[in-house]
Amino acid sequence: MLALNFIREHPDLVRQGAERKGEPAPVDEILELDGQHRALLAEEESARSEMNSRAARGAGLSPGEREELGRLKGRIQELQQRRKQLSDRLSGLLLLVPNVPHESVPEGVSDDDNVVVRTWGEPPQFDFEPRTHYDLGEALGIFDFERAVKIAGSRFAMLRGVGARLERALSWFMLDLATKEHGYLEISPPYLVSRDCMVGTANLPKFEEDAFHVVEGDRFLVPTAEVPLTNLYRDEILDAERLPIRHVAWTPCWRSEAGAPGKDTRGYIRLHQFSKVELVKFVRPEGSLEELESLVGDAESVLQRLGLHYRVRLMCVGDMGFAQWKKYDIDAWAPGLQRYLEVSSCSVFGDFQARRANVRFRAPGGRPEFVHTLNGSGLALPRTFDCLLESYQTAAGGIVVPEPLRPYMEGLEEIPGPGE
RNA sequence: GGGGAGGUGGCUGAGUGGUCGAAAGCGCCCGCCUGCUAAGCGGGUGACGGGGGUCAACCUCGUCCGAGGGUUCGAAUCCCUCCCUUCCCGCCA
């Protein structure tokens, strides 16, 4: 969330930011409530001050004085009650104000306005008509969509045999890259989190319908490892020397993805459950934008090693989301589908999440300050898997295993086609 | 699930109704000393919020001792509810 202070001092900036993001922001109501709240606070505090100084005489108070103090106390309680109502409403409203985009974020309202900042590699060329991952995979018997639906319902998918193995190999490869080469510490977090954690990352209160809620214990299935990881140090004050902190986690992710399936969701694309390797960083405020660039680089290196063509897009202000300060998407090319699939989304939040989750740091001799948080997929497994199948398919319908994955596949160089 | 113990400042840990925002130690900051470093010595050092202000480092007020209620003129200290930690027993992958 934004600091109330900041909203007081820059209401126009906040209003404009929200408007450009296409989000409502109750700025006027906040300012109004804040004014009332402060007036009541002043009144309550001076009453308390009087009470404290008079009660300090302690046992020597006469019965008349005690009665008077009793009345004063009654007044304080009344003021306090009114003030608390205001302050509860105020903190509820503050959670609804979106983050203000960074000035380097391009204007725009939709996906069309996002800016391609670079591409890497070339789309692979085939001397045959490239197939889609679902055609390839079903022929190879490595997808089983029907039975997944049978046991869990629509929007669930299942991998079998060498397919399951290949996705696992991808996960291990990504984790090893992050931990061994990019300095991330691996975490295996809980897959259920408290309501507070969801508020901390700004998945709540605005986007509750996107998440799976577990009634027992009022917990949520993690929509991404961002949630447990970003909340790892909630309510803590970290020593400055510990920063930057980099964490990586493989987890399943659950999303309700309300809405009807369409042609864009055919295949192993848009599921209620999928797995993802997530990168999360906690950094000092200065330089957090550069940290975003290096985070994107970390995610890109996965695709580079795998030899998959991709593009990096800077999200425009209207397409970047409620909590983000600045955000890039990485889309890998799927030759069978003939389109890019979003395999990563990398964002910097400024102190927006850190305020919600109360994650601070302290330099020696200094006061506590909020950290800046970042996260990015490194990468989402199903879509990376799809692009890999489609990019490395052979004329016979087999799949060449990219070099870096072979150590995780017992040296297997190719999944032979159905007829081979 | 049953029973016991406990949750205090960045950390460890005293404190059972007013003089406690809270002893002590660690850490951190400033200085001294030691020809470097370590050790030693002296001083300082909580968070959050309101108001003031010759406006970052100053003054002032308030709140905060797991969270929320209650008792009382007055609560870290007493009562209730919840959360969490830990130990013993039971159950279980």
**Request:** Can you tell me, in whole Å, how much space there is between the P of B:G49 and that of B:G42?
**Result:** 36 Å
**Fill in**
Rounded to whole Å, CE of A:Met51 lies from C1' of B:G74 at a distance of 7 Å
**Prompt:** Rounding to the closest angstrom, what is the interatomic distance between B:A75 and B:C79 at atom C1'?
**Reply:** 12 Å
**Message:** Under a 3.5 Å cut-off for both contacts, is B:C78 paired Watson-Crick or G-U wobble with anything, and if yes, with which nucleotide?
**Reply:** B:G70
**Message:** Suppose we call two aromatic rings close when their centres sit under 6.0 Å apart. Are A:Phe143 and A:Tyr268 close by that rule?
**Reply:** yes
**Request:** Using the C1' atom on both, measure B:C59 against B:G53 and round to a whole Å.
**Result:** 8 Å
**Complete:** Residue pairs passing the ring pair (Phe, Tyr, Trp, His ring centres under 6.0 Å) test with at least one member in residues 163-209 of chain A, sequence neighbours excluded, are A:Phe207-A:Phe322
**Message:** Pairing check on B:C20: which nucleotide meets the Watson-Crick or G-U wobble criteria with it, both distances under 3.5 Å?
**Reply:** none
**Request:** Using distance alone, with no hydrogens and no angle criterion, decide if A:Lys281 and A:Ser294 have a side-chain donor and acceptor under 3.5 Å apart.
**Result:** yes
**Asked** If you check every side-chain atom of A:Arg8, which of B:C73, B:G50, B:C48 has the closest atom?
**Response** B:G50
**Message:** I want to verify a distance call: between B:A47, B:G49, B:G51, whose nearest atom is closest to the A:Arg38 side chain?
**Reply:** B:G51
**Integer angstrom distance from the P of B:G10 to that of B:C88** = 31 Å
**Asked** In Watson-Crick or G-U wobble terms, both distances under 3.5 Å, what is the partner of B:C92?
**Response** none
**Request:** Determine the interatomic distance between P on B:C83 and the same-named atom on B:G68; round to the nearest Å.
**Result:** 15 Å
**B:A5 - base-pair partner by Watson-Crick or wobble geometry, distances under 3.5 Å** = B:U85
**Residue A:Lys84, side-chain heavy atoms: nucleotide from B:U63, B:G69, B:G49 that is nearest** = B:G69
**Message:** Give me the distance, rounded to whole Å, that separates B:G9 from B:U72 when you measure between the P atoms they each carry.
**Reply:** 30 Å
**Under 3.5 Å on both distances, the Watson-Crick or G-U partner of B:C65** = none
**Message:** With no hydrogens and no angle check, just 3.5 Å: does a side-chain donor-acceptor pair link A:Ser256 and A:Asp210?
**Reply:** no
**Prompt:** Rounding to the closest angstrom, what is the interatomic distance between B:C65 and B:U60 at atom P?
**Reply:** 23 Å
**Prompt:** B:G42 pairs with which nucleotide, Watson-Crick or G-U wobble, both distances below 3.5 Å?
**Reply:** B:C30
**Item:** Watson-Crick/G-U partner (both atom distances under 3.5 Å) of B:C58
**Value:** B:G52
**Qualifying ring pair (Phe, Tyr, Trp, His ring centres under 6.0 Å) pairs with a residue from residues 277-300 of chain A, counting only residues at least two apart or across chains** = A:Tyr233-A:Phe282
